[in-house]
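First comes the structure, then the notes that go with it.
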Amino acid sequence: MGRSRIGSTLAGLTLAAALTVLPGGATAPGTPAAAASAAGTIGDVLPAPVSVRAAATPYTLGPDATIASDDAGVGGYLAQLLRPPTGYALPVRQGGRGGLSLLLTGAPATVGQQGYQLDVAAGGVTIRARTATGLFNGVQTLRQLFPPQVESTSVRPGPWTVPGGRIVDYPRFGYRGTMLDVSRHFMPVSVVKRHLDRIALYKINHLHLHLSDDQGWRIVVDSWPRLAAYGGSTQVGGGPGGSYTKDQYREIVAYAAQRHITIVPEIDMPGHTNAALASYAELNCDGVAPPLYTGTGVGFSSLCTTKEVTYAFAADVIRELAELTAGPYLHIGGDEADATPDAQYAVFMNRVQPMVAGRGKAVVGWHQIGAPAVRHSPGRITQYWGTTTADPLVTAAVSKGAKVIMSPADKAYLDMKYTASTPLGQDWAGLIEVKTAYEWNPGSHLRGVPASAVLGVEAPLWTETIVTEDHIEFMAFPRLPAIAELGWSPWSTHSWTAFRARLAAQAPRWDVMGIGFYRSPQVSWPL
Ligand code: NGO
């Protein structure tokens with residue numbers, strides 16, 4: 001299969017990239033014409049893989065197939081995915097070889113910690129990786145190579161044929177995320193879990209949960225019980241709200257971990273804190289608790305940064321949240337603290353950031369945390385949510401050593417309307433059709449922020465106007481896959497024409513999964 005060509009370069013272009021199978025059935029020069037089987041080609045994957053070599057060797061999964069996996073977790077996950085639609089037994093064996101083999105040996109070094117090599121030949125499918133995460137990512141590619149009916153929860157006829165060839169693949173950025181604002185409207189555990197299942201399909205590996213805001217506090221904190229009990233008792237529009245018990249939250253973290261997704265918890269401070277201020281009068285400078293808030297205004301609340309109790313509160317919340325957090329990050333918000341004097345903002349952050357570091361976590365903050373008077377903290381990450389292409393706060397944080405998560409609001413905000421007539425969402429950052437979500441380069445979007453300073457991308461879904469799971473689906477699909485591709489695929493594969501064809505091919509899968517996506521007129525969806 002000429003794998004030696006992978007990774008070699010020609011005039012700055014990798015040969016492997018030059019051999020990439022293009023969407024819409026077209027193949028780049030040198031690819032066997034016979035590659036396109038009835039099941040499509042092995043390059044019909046989203047996000048676009050680093051390199052694809054199609055071959056006329058499709059594999060058909062049969063009733064007697066077995067799964068052999070060096071990692072029991074990923075092997076079991078694949079079996080759980082394939083058993084319902086196929087009706088096959090698909091026993092999972094640790095080690096050895098099967099029709100589907102997941103091996104922690106033999107992957108090329110280029111695949112790194114998250115990548116994989118996938119080979120489809122008539123005799124079977126082999127995924128090789130250096131980590132379980134790499135195998136998991138290979139499984140997501142394999143999942144997309146099966147016909148869309150593979151997503152069915154009941155038995156379908158098949159045949160379960162996968163196009164032949166080889167993919168060698170690894171991400172451009174280590175961090176590919178999306179955010180769910182469970183504060184403005186609370187989302188039950190079942191909805192979060194289904195969302196995790198869906199984002200995994202596009203190799204999104206972080207789910208940021210916006211757990212507190214003016215309208216609701218959504219996680220139990222034992223040392224400050226009124227936060228959830230009272231501060232979580234409503235939401236935008238005045239509904240019942242809700243909050244996660246610690247056990248429910250652990251369940252989300254564990255479910256995410258099985259999908260190789262890290263939960264990034266956020267407690268937004270010192271602004272966006274009305275729910276906390278309403279729950280505890282002592283957190284207010286005047287000692288008077290405001291009423292609960294169910295509107296959608298921003299920038300009016302602040303913890304009292306001159307009171308010691310505020311720091312005891314922050315320390316308790318961070319300690320309890322860090323204990324629940326498997327991943328390396330703890331997000332402390334820091335946006336729109338318009339009701340906090342600038343000097344006090346820096347005093348607050350300079351006391352709170354070390355609390356996070358002291359619990360062994362890296363600080364993540366919205367990019368206002370890059371204010372010059374706020375010190376760097378080990379491993380600190382700044383999340384850019386502006387709408388300009390240069391930002392002094394981001395460059396200042398980067399110059400101190402921070403890495404950047406790119407969430408430009410005019411490109412990556414999933415709560416923006418697609419068009420003026422979109423029934424849901426806001427438009428303060430602009431209208432974001434699918435092409436707008438796709439046509440930007442996270443590695444060069446901000447002047448003075450080189451790709452090497454970019455940790456990755458994140459698409460936030462704020463929920464002022466988002467109430468139900470249907471709403472989440474409509475706003476996230478198909479824009480989230482666009483952001484996922486920006487985070488994963490090498491820039492050399494970037495092409496709107498190619499992307500929109502691969503995107504269209506996802507629609508039958510979403511139909512089977514019951515995802516009510518936005519049928520953008522920019523994409524030629526199959527009938
Ligand atoms: C802003 C604001 C949020 C809003 C969101 C709505 C950030 C980081 N703070 O983004 O409170 O919900 O816009 O688009």
Side-chain angles (χ1 to χ4, degrees), residues 177-187 206-218 231 235-237 241 264-277 293-303 329-340 345 349 363-371 374 381-388 391 393-394 397 402 404-418 420 422-432 436-437 446 457-467 471-472 474-476 479-480 483:
T178 186
M179 187 204 82
L180 208 49
D181 169 9
V182 294
S183 176
R184 270 55 176 272
H185 281 101
F186 183 64
M187 302 293 165
H206 289 81
L207 177 65
H208 167 183
L209 291 177
H210 185 74
L211 291 168
S212 73
D213 212 301
D214 292 318
Q215 297 86 346
W217 189 284
R218 306 302 181 202
Q235 59 188 9
V236 166
V264 181
E266 177 188 354
I267 295 297
D268 202 345
M269 300 182 279
H272 288 279
T273 42
N274 191 78
L277 297 168
Y293 181 70
T294 61
T296 57
V298 294
F300 61 90
S301 57
S302 179
L303 295 171
Y329 308 119
L330 205 150
H331 202 309
I332 55 173
D335 58 319
E336 296 176 318
D338 302 344
T340 316
Y345 179 86
M349 285 302 178
V363 167
V364 189
W366 299 107
H367 71 266
Q368 283 72 18
I369 207 172
V374 178
I381 293 157
T382 180
Q383 183 166 11
Y384 177 66
W385 63 282
T387 57
T388 55
D391 188 281
L393 298 182
V394 177
V404 185
I405 294 172
M406 293 296 297
S407 305
D410 55 341
K411 306 282 182 194
Y413 264 34
L414 299 177
D415 61 316
M416 290 303 121
K417 291 176 181 289
Y418 291 95
T422 303
L424 303 167
Q426 312 199 51
D427 60 4
W428 69 262
L431 301 170
I432 307 183
T436 305
L446 276 184
V457 293
E458 185 176 296
L461 181 48
W462 300 97
T463 58
E464 285 94 336
T465 67
I466 307 304
V467 186
H471 294 172
I472 296 176
F474 185 78
M475 298 306 266
R479 288 182 294 195
L480 185 55
I483 303 297

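As the structure lists them, so they are numbered: ligands from 1, and atoms in each ligand from 1. From a predicted model like this one, the values you see are computed outputs, not experimental measurements. Positions are given from 1 along the sequence.
Of all non-hydrogen atoms in I466 and H185, the two that sit nearest each other are O-ND1, 3.1 Å. What you find for W217 and S212 is that their closest heavy atoms are CE3-CB, 3.7 Å. Closest approach of A429 to A409, counting heavy atoms only: CB-O, 3.5 Å.
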Give a table of atom pairs where an N or O of ligand 1 lies under 3.5 Å from a protein N or O.
unit_1: ligand 1; atom_1: 9 (N); unit_2: D335; atom_2: OD2; d: 2.7
unit_1: ligand 1; atom_1: 9 (N); unit_2: E336; atom_2: OE1; d: 3.2
unit_1: ligand 1; atom_1: 10 (O); unit_2: Y413; atom_2: OH; d: 2.7
unit_1: ligand 1; atom_1: 11 (O); unit_2: R184; atom_2: NH2; d: 2.9
unit_1: ligand 1; atom_1: 12 (O); unit_2: R184; atom_2: NH1; d: 2.7
unit_1: ligand 1; atom_1: 12 (O); unit_2: E464; atom_2: OE1; d: 3.4
unit_1: ligand 1; atom_1: 12 (O); unit_2: E464; atom_2: OE2; d: 2.5
unit_1: ligand 1; atom_1: 14 (O); unit_2: D415; atom_2: OD2; d: 2.6
unit_1: ligand 1; atom_1: 14 (O); unit_2: W428; atom_2: NE1; d: 2.8

Could you go step by step and tell me if W385 and Q368 meet the side chain to side chain donor-acceptor pair (under 3.5 Å) rule?
CA-CA 9 Å; W385 63 282; Q368 283 72 18; 2.9 Å; yes
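The side chain to side chain donor-acceptor pair (under 3.5 Å) test with Q383 singles out one residue from E266, H331, H367, and that residue is H331.
Scored by the side-chain contact (heavy atoms from CB on, under 4.5 Å) test, A459 finds T178, L414, L480, I483 as partners (sequence neighbours excluded).
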